[in-house]
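The shown structure was predicted, so the numbers you read here are calculated from the model rather than taken from an experiment. Chain letters run A, B, ... following the sequence lines, proteins first and then strands; every chain starts at 1.
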Protein chains: 2
Amino acid sequence: MATRGLTVTRAVREAILNGDYPGGGRMNEVELATTLGVSRTPIRAALSTLAAEGLLSYTPNSGYVVKSYTSQDISGIYDVRSTLEGLGTRLAAERGLSDAARGQLHKIVQDGAELVAGGVWNDAVAEAWEQVNNSFHRVMMEAAANPHLLFLMQKSREIPLLNQLKFRWHDFDVMARSQEDHATIFEAVTLRQVHRAEALACEHVFKSGARIVEHWRKTEVAKRPSGARSKVAA
Amino acid sequence: MATRGLTVTRAVREAILNGDYPGGGRMNEVELATTLGVSRTPIRAALSTLAAEGLLSYTPNSGYVVKSYTSQDISGIYDVRSTLEGLGTRLAAERGLSDAARGQLHKIVQDGAELVAGGVWNDAVAEAWEQVNNSFHRVMMEAAANPHLLFLMQKSREIPLLNQLKFRWHDFDVMARSQEDHATIFEAVTLRQVHRAEALACEHVFKSGARIVEHWRKTEVAKRPSGARSKVAA
DNA sequence: CAACGAAGGATTGCATCCAACCTACGACGC
DNA sequence: GCGTCGTAGGTTGGATGCAATCCTTCGTTG
């Protein structure tokens, strides 16, 4: 454990990404402080940080509220993510993979292939695939050797409730399809087929995004209670 | 004026971008507090925010230091910026310009054309061109109607000393060339030539980036004093 | 002479206290 | 009855004081 401020920041970030605080909800400082067992000071530091990260929006003298994302927002984010992923993959192909990176990606693709070859789909497989998937994209982006790109990609990944959705929209077919994509992308990068690698990576992420947007839209209809019209009822 | 925290954040951000605090330098909280005439509390809030924005890097129990950028970093940032600018322009072309956006861009391109037609280059023209240039990119990115993209683009713009360099690398030829680019990009977007618009915008920003990287590299050689070897001198 | 260690100063981290603001409820006047 | 003003509660903004940590420097020892 480092400082309380960092601990709180991580905890609150995780909680928001996990959906513990509903979109549009206000973050009460004293409530958070008592809940997490610290004073308001580290809480305020954390909120300020998370606001700068884009997870919260801040209004002076009013406080922080959790940003909510519409399916349009998600769609826009994936437009960006797919483009950046394409860029990163292209950069990796241009610069060529290091032996270490090639080794890691080779193992990752192999692990994915084994999961697919297993032919089963359960929570353990889903968890393992999640690991494989994340590793593939992370290693590829690191291979691009562009710190700024890495930074923006990490930012683009931080969307509340997205991780939970992942476990839902994954199924065996999706995994098999994605695994094929990974293998193809890896091949293109290895062969230094720059343009092909970029196009494949972009499309790969875009497809994932489209699936997520679809699911997001479905969950969207459920949460339209709104209405602050308790008076007219009487 | 809103809260002191916001005021301080803006002030310090401006100062950093302006180069008042050298890259790699430590930010002393009490020093900043006395300088700006506030207590450490808003200072700490500001530093935390700026660290999340990426302008400062933070080490627990050690404090904040100003991030320094090498020419490689700048190059990488412009790889990303040009790609995102291409994406934004493509989105604008796909969705089509609103009447308002088309009007604004038309006027901006016209203003730029007049500056070039003037045939002179002085501080006033440079300032006016700076306005035109910024407006063009801002309006175009807004026309893309992708909040997340806008957010990342603004982040990518915040690089210390970059604004000062701009006034140096601008000259009449560069302005004339850029003006042509703007006109062509505007035409492509208006005609809904999606791919052409993307390619032109990407290349346009990339060229600017290449120029900046070149200048950055030149300034880089000057600042290698380092060496904390005062003892051997005796 | 070099290297390790301890003490002091300096700086950051955190909690508490007070001030400013925003909001909501109630009273008063029209 | 309705609108408006005022006040009180609650929440955020900021300052200060103290604890904890780090860095530097000086002293000691091998």
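Ion pairing between A:R138 and A:E142 holds under the 4.0 Å rule for side-chain N and carboxylate O. A salt bridge links B:R90 with B:E94: the distance from a Lys NZ or Arg NE/NH1/NH2 to an Asp or Glu carboxylate oxygen falls below 4.0 Å. A salt bridge does not link B:R211 to B:E214: none of the charged nitrogens lies less than 4.0 Å from a carboxylate oxygen.
Between B:G63 and A:P60, the residue whose closest nucleotide on DNA chain C is further toward the 5' end is B:G63.
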Could you tabulate the donor-acceptor pairs under 3.5 Å formed by side-chain atoms of residues 96-103 of chain A, not counting sequence neighbours?
residue	atom	partner	partner atom	Å
A:S98	OG	A:A101	N	3.0
A:D99	OD1	A:R102	NH2	2.9

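Near DNA chain C, meaning a heavy atom under 4.0 Å from it, residues 24-43 of chain A has A:V38, A:S39, A:T41, A:P42 in order of number.
Counted within 6.0 Å of CD on A:E53, heavy atoms from surrounding residues, nucleotides or ligands total more than 12; the atom is thus considered enclosed.
If you check every strand for non-hydrogen atoms under 4.0 Å, B:Y64 touches nothing.
Taking the 5' to 3' direction, DNA chain D first and last meets chain B under 4.0 angstrom from a heavy atom at D:dG13 to D:dC22.
The side-chain tip of B:K67 points at the ring of A:F151 from less than 6.0 angstrom away and within 45° of straight on.
With B:F136 as the partner, the ring pair (Phe, Tyr, Trp, His ring centres under 6.0 Å) test is satisfied by one option alone out of B:H106, B:H204, B:H182: B:H182. If you run side-chain contact (heavy atoms from CB on, under 4.5 Å) between B:T89 and each of B:V205, B:I185, B:L84, only B:I185 comes through.
Computed from coordinates, the B:R44 CZ to C:dT11 P distance equals 14 Å when rounded to whole Å.
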